[in-house]
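In what follows, chains are A, B, ... by sequence order, proteins preceding strands, each numbered from 1.
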Amino acid sequence: MLTKEQIAQRIAKEVKTGQYINLGIGIPTLVANYIPKDLDVVLQSENGLLGIGPFPTEENVDPDLINAGKQTITMLPGSALFNSAESFAMIRGGHVHLTILGAMEVSENGDIANWKIPGKMVKGMGGAMDLVASADNIIVAMQHCSKDGESKLLPECSLPITGINCVRKIVSDLAVLEVAPEGGFILKERAPGVSVEEIQSKTAGKLIIEGEIPEMTFD
Amino acid sequence: MINKTVKNAQEAVADIPSDCMLMMGGFGLSGIPENCIQALLEKDIKGLTIVSNNAGVDDFGIGLLLQKRMVKKMISSYVGENAEFERQLLSGELEVDLIPQGTLAERVRAGGAGIPAFFTPAGVGTEVAEGKEIREFDGKLYLMESWLRADFSIVKAWKGDTSGNLIFRGTARNFNPIMATAGKICIAEVEELVADGELDPNQVHTPGIFVQRIFQGKDYEKRIEKRTVTR
């Protein structure tokens, strides 16, 4: 099973040079730590910044510079600032190439649920609905099963959904999977020490297994 | 030039009545109009509808207005960091309208720009789409959203001049410039109010035509929600 850091590390391998990328809160934020230094990529923060730099040192903390998770951040040479309408013009207009976000559930046709649990206080969807409705390339970072052991990769989402037909790839603690255009989770890679049988038993949605499934490798 | 200057926050908000609709700039606690929130707290008004991306925290920002039960309804995209908000919501004292953040921003932009409605992909197939017109463009589904306009919009800028031209700083810009355009009366509080001619017109983010009142703010706390540092 992968740790959260390893999920982030595996997702970082999907990043290509020249991409503008939006990272969601949680595991997706960690992806920034593993993007190879020789790739030219720009991270977008939907509250109004292109070119997110590292967290500041204590003496450089600036309350006027935060990311969408409200953490203090820095800018980089070449950064740009803009207002919220312009930020979502970038997102809905298809100018952001890759969106990486967390999920509570994903369905085999690529629907995602990550904003609301019935019976619990609803905090809001923030920018998630705009992001998933717009990006061509969405990668989800998630745990394969809930704490109770229930699969979160389902035939249909049981929770209120955030967007339909949008997830392309999933990196869970057990596997890398792609969503097939005609529906179903195509198993691409296994986490080290995790068998195909275990992934099958923990995937409630349709799992497509073609040939030998390689084990992930980490540098 | 038209001088928009008022003396202070108290004068700027003096005519804001109960049961009106306000927009307030800010993302989290960054770029919120701290002085006007304090001045509103001193007023005996209630029943406010507030359009703001977030709802502050328990003891700062819009959270203070919630504590005093001055708010009837929040129109926001994310309201997660506020226990009093949760209590009032669950008890039915407070209404909340949750809107995707990009839709919220565009509804405000549209309100200021005189565009009554537009189509967006955000929320198609979700409960956000319930009751809304859906239309297909180039093979993809979009839903119709309408503009948002307010009686007053209250924004916070870094610098401003007496004509109401504004310059924002960092990510404290966020919703402020668009909200400035969508209030019948826009009140701007600034960290530094300068005379006309002292701002470079090339650098102005919000032209003064959108701003009706401006004042020099004071005692900014600029509270940080999640101080995160590298060692």
Choice from [options] maximising heavy atom contacts with chain B below 4.5 Å:
options	answer
A:N83, A:I164, A:V61	A:N83
A:E86, A:E46, A:Q71	A:Q71
A:A128, A:P54, A:G126	A:G126
A:G48, A:P63, A:S84	A:S84
A:V122, A:T74, A:D62, A:L49	A:D62

Let me know if [X] has heavy atoms under 4.5 Å from chain B in its side chain, its backbone, both or neither.
X	answer
A:F55	both
A:A68	both
A:I161	both
A:N60	neither
A:V132	neither
A:T162	backbone

### Message
On the six-membered ring of B:Y78, is A:K70 placed so that its NZ or CZ lies under 6.0 angstrom from the centre and within 45° of the ring axis?
### Response
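No.
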### Message
Looking at B:E34 and B:K156, is any side-chain nitrogen of the basic one under 4.0 Å from a carboxylate oxygen of the acidic one?
### Response
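Answer for the salt bridge query: no.
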#### Entry: Salt-bridge contact A:E105-A:K152 (side-chain N to carboxylate O under 4.0 Å)
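A:K152 and A:E105: not salt-bridged.
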### Query
Any sub-3.5 Å donor-acceptor pair from B:S163's side-chain atoms to B:N165's backbone N or O?
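Judged by distance alone, no pair lies under 3.5 Å.
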Least distance between heavy atoms, [X] atom then [Y] atom:
X	Y	result
A:G18	A:V41	N-CG1, 4.5 Å
A:C157	A:V106	SG-C, 4.1 Å
A:V171	A:V176	CG2-CG2, 4.3 Å

### Task
State, with a plain yes or no, whether a side-chain heavy atom of B:K159 is found less than 4.5 Å away from one of B:E198.
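B:K159 vs B:E198: side chains apart.
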### Task
Using a 4.5 Å cut-off on heavy atoms from C-beta on, say whether the side chain of B:H205 contacts that of B:L166.
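With C-beta onward as the side chain, the pair stays apart.
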Tell me, for [X] versus chain A, whether the close heavy atoms (under 4.5 Å) come from the side chain, the backbone, both or neither.
X	answer
B:R109	side chain
B:I99	backbone
B:E191	side chain
B:V96	neither
B:F85	side chain
B:N54	side chain
B:R169	both

### Task
Kindly indicate, with the supporting measurements, whether the criterion salt bridge (charged side-chain N to carboxylate O under 4.0 Å, His left out) is fulfilled by B:D59 and B:R223.
CA-CA 11 Å; B:D59 59 346; B:R223 191 183 294 188; 2.9 Å; yes
Greatest number of heavy atom pairs closer than 4.5 Å to chain A - which of [options]:
options	value
B:A105, B:A129, B:G170	B:G170
B:L89, B:N53, B:V108, B:I224	B:I224
B:G125, B:P177, B:S77	B:S77

### Query
Are more than 12 heavy atoms from other residues, nucleotides or ligands located less than 6.0 Å from atom NZ of A:K206?
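No.
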### Task
Return yes if a side-chain donor-acceptor contact under 3.5 Å exists between A:N109 and A:S107, otherwise no.
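A donor-acceptor contact under 3.5 Å links the two side chains.
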### Query
Angle class for the A:H97/A:Y20 ring planes (parallel below 30°, perpendicular above 60°, tilted otherwise)?
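The rings of A:H97 and A:Y20 sit tilted, inter-plane angle from 30° to 60°.
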